[in-house]
There are 2 protein chains.
Amino acid sequence: MTETRWLDADEERSWRALRRLLTALPARLGRDLTALGLSSTDYEVLSTLSERDGWRWGLKDLARKMEWSRSRLSHHAARMEARGLIEREPDPDDGRGSIYHLTDAGFRTLEAAAPGHLDSVRRRLLDHLSRDELAVLERISTRIADLPD
Amino acid sequence: MTETRWLDADEERSWRALRRLLTALPARLGRDLTALGLSSTDYEVLSTLSERDGWRWGLKDLARKMEWSRSRLSHHAARMEARGLIEREPDPDDGRGSIYHLTDAGFRTLEAAAPGHLDSVRRRLLDHLSRDELAVLERISTRIADLPD
DNA sequence: TACGTTCTTTTGACATGTCACAGAGACCTG
DNA sequence: CAGGTCTCTGTGACATGTCAAAAGAACGTA
């Protein structure tokens with residue numbers, strides 16, 4: 001039996017602070033976005049789709065790019081299709097595949113929400129960080145996120 | 001009509017990196033915890049309850065402390081009570097109130113999971129940060145989390 | 001070509017969170 | 001102290017995520 005090594009005071013404070021950030025920031029951005037008519041997840045799907053020429057992605061590629069499970073994306077896409085934001089069609093090159101693409105309405109919805117969302121990210125995060133802090137945050141975030149799953 | 005001010009390259013990279021952290025880190029910690037038999041939320045409830053002498057909290061106070069909605073806590077507590085981790089009783093001082101407290105089984109479950117969770121936090125975060133980075137992270141997180149809702 | 005295996009999407013059952021509201025108790029004021 | 005109002009918890013309807021499995025298509029090989 002080895003003794004559990006607890007957190008020292010510095011670690012404890014940092015971890016508590018980060019936990020607060022981890023819950024508060026996404027919640028706030030999500031609320032702002034909801035006020036603009038989209039959930040965070042809706043926005044994520046729309047903006048990722050729009051990054052590709054023709055606004056077209058296969059489910060599998062899109063799910064990998066977004067780091068979502070395929071099941072999750074399939075469910076979510078079904079709901080978004082019902083609202084007319086995206087459409088799905090069979091992949092002509094692979095009978096198993098499914099191609100998702102933005103509708104015009106979906107693109108307009110994204111365009112309408114984007115400036116407000118950007119503003120929200122600034123007000124709730126970027127405006128409060130110096131250039132140095134921005135750099136450190138990027139370095140830390142990348143290193144941690146890049147660790148193996 | 002004012003022009004939307006988009007993110008510059010530094011801001012864009014930092015924000016993307018942070019977004020990856022915001023999704024990946026909680027997901028990983030949650031998976032580790034699940035392997036130990038508790039969801040993240042279960043762990044949060046148990047550990048917060050255990051912080052108070054007698055392991056007793058009123059729903060309202062506990063919800064505020066955890067920054068959860070009362071409804072959410074009520075639902076979750078009902079499920080945890082069904083599993084024998086906590087118990088609820090009417091508040092003798094306020095007929096509307098409800099007092100939650102850990103059961104022995106709940107406390108033992110928490111004790112059993114805590115070392116593994118701590119280890120997970122180290123492996124997936126703390127071990128990869130220098131003391132300086134730890135300090136910057138705390139400063140940034142606190143500042144952002146402390147912004148008004 | 002025929003077979004078994006692997007891959008891909010969808011679906012259903014279930015866990016969890018949000019929102020609005022019901023019901024009961026506490027509080028305030030004339 | 002009576003009536004209206006506020007506060008608190010729990011509940012029901014619904015949105016969203018996970019997991020396991022079904023159904024069909026593609027692939028590899030004898």
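Quick note: numbers below take in every heavy atom, side chains included, and nothing from hydrogens, waters or symmetry partners. In what follows, every chain begins at residue 1, and chains take the letters A, B, ... in the order their sequences are listed.
One interatomic measurement links the two molecules: CG of B/Leu73 to P of D/dT9, which rounds to 9 Å at whole-angstrom precision. Computed from coordinates, the B/Leu62 CG to D/dT9 C1' distance equals 13 Å when rounded to whole Å.
Between B/Arg31 and A/Asp149 there is a salt bridge, with a side-chain nitrogen of the basic residue lying less than 4.0 Å from a carboxylate oxygen of the acidic one.
More than 12 heavy atoms of other residues, nucleotides or ligands lie within 6.0 Å of CZ in A/Arg131, so this atom counts as buried by the packing criterion.
Shown for residues 17-54 of chain B: no residue has heavy atoms falling under 4.0 angstrom of DNA chain D. Looking at residues 87-98 of chain A, you'll see A/Asp94, A/Gly95, A/Arg96 sit with a heavy atom under 4.0 Å from some atom of DNA chain D.
Pairs engaging residues 129-149 of chain A under the ring pair (Phe, Tyr, Trp, His ring centres under 6.0 Å) rule: none recorded [sequence neighbours left out]. Applying the ring pair (Phe, Tyr, Trp, His ring centres under 6.0 Å) test to pairs two or more places apart or on separate chains, none has a residue in residues 10-42 of chain B. Within the structure, the salt bridge (Lys or Arg N to Asp or Glu O under 4.0 Å) test picks out the following pairs touching residues 115-129 of chain A (sequence neighbours left out): A/Asp32-A/Arg123, A/Asp32-A/Arg124, A/Asp119-A/Arg123, A/Arg122-B/Glu11. Evaluation of the salt bridge (Lys or Arg N to Asp or Glu O under 4.0 Å) test over residues 14-23 of chain A, restricted to residues two or more places apart or in two chains, returns A/Glu12-A/Arg16, A/Arg16-B/Glu51, A/Arg20-B/Asp146. Counting only residues at least two apart or in different chains, side chain to side chain donor-acceptor pair (under 3.5 Å) contacts with residues 103-117 of chain B are absent.
On the nucleic acid side, DNA chain C contacts chain A at distances under 4.0 Å to non-hydrogen atoms, with the end points of that region at C/dC7 to C/dG12.
Qualifying ring-ring contact (aromatic ring centres under 6.0 Å, His included) partners for B/Trp55, counting only residues two or more places apart in sequence or in other chains: B/Phe107. Scored by the side-chain contact (heavy atoms from CB on, under 4.5 Å) test, A/Thr41 finds A/Ser39, A/Trp68, A/Arg72, A/His76 as partners (sequence neighbours excluded). A/His75 is linked by a ring-ring contact (aromatic ring centres under 6.0 Å, His included) to nothing, counting only residues two or more places apart in sequence or in another chain.
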Are any protein N/O atoms closer than 3.5 Å to N/O atoms in nucleotides 18-23 of chain D? If there are, list each pair with its distance.
unit_1 : atom_1 : unit_2  : atom_2 : d
D/dT18 : O4     : A/His75 : NE2    : 3.3
D/dC19 : N4     : A/Ser71 : OG     : 2.7

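The side-chain heavy atoms of A/Val136 and B/Asp132, taken from C-beta on, include no pair separated by under 4.5 Å.
The main-chain N or O of B/Ser47 is found under 3.5 Å from a side-chain atom of B/Ser50 such that the two form a donor-acceptor pair.
B/Glu133 and B/His128 share no donor-acceptor pair across their side chains, judged by distance under 3.5 Å alone.
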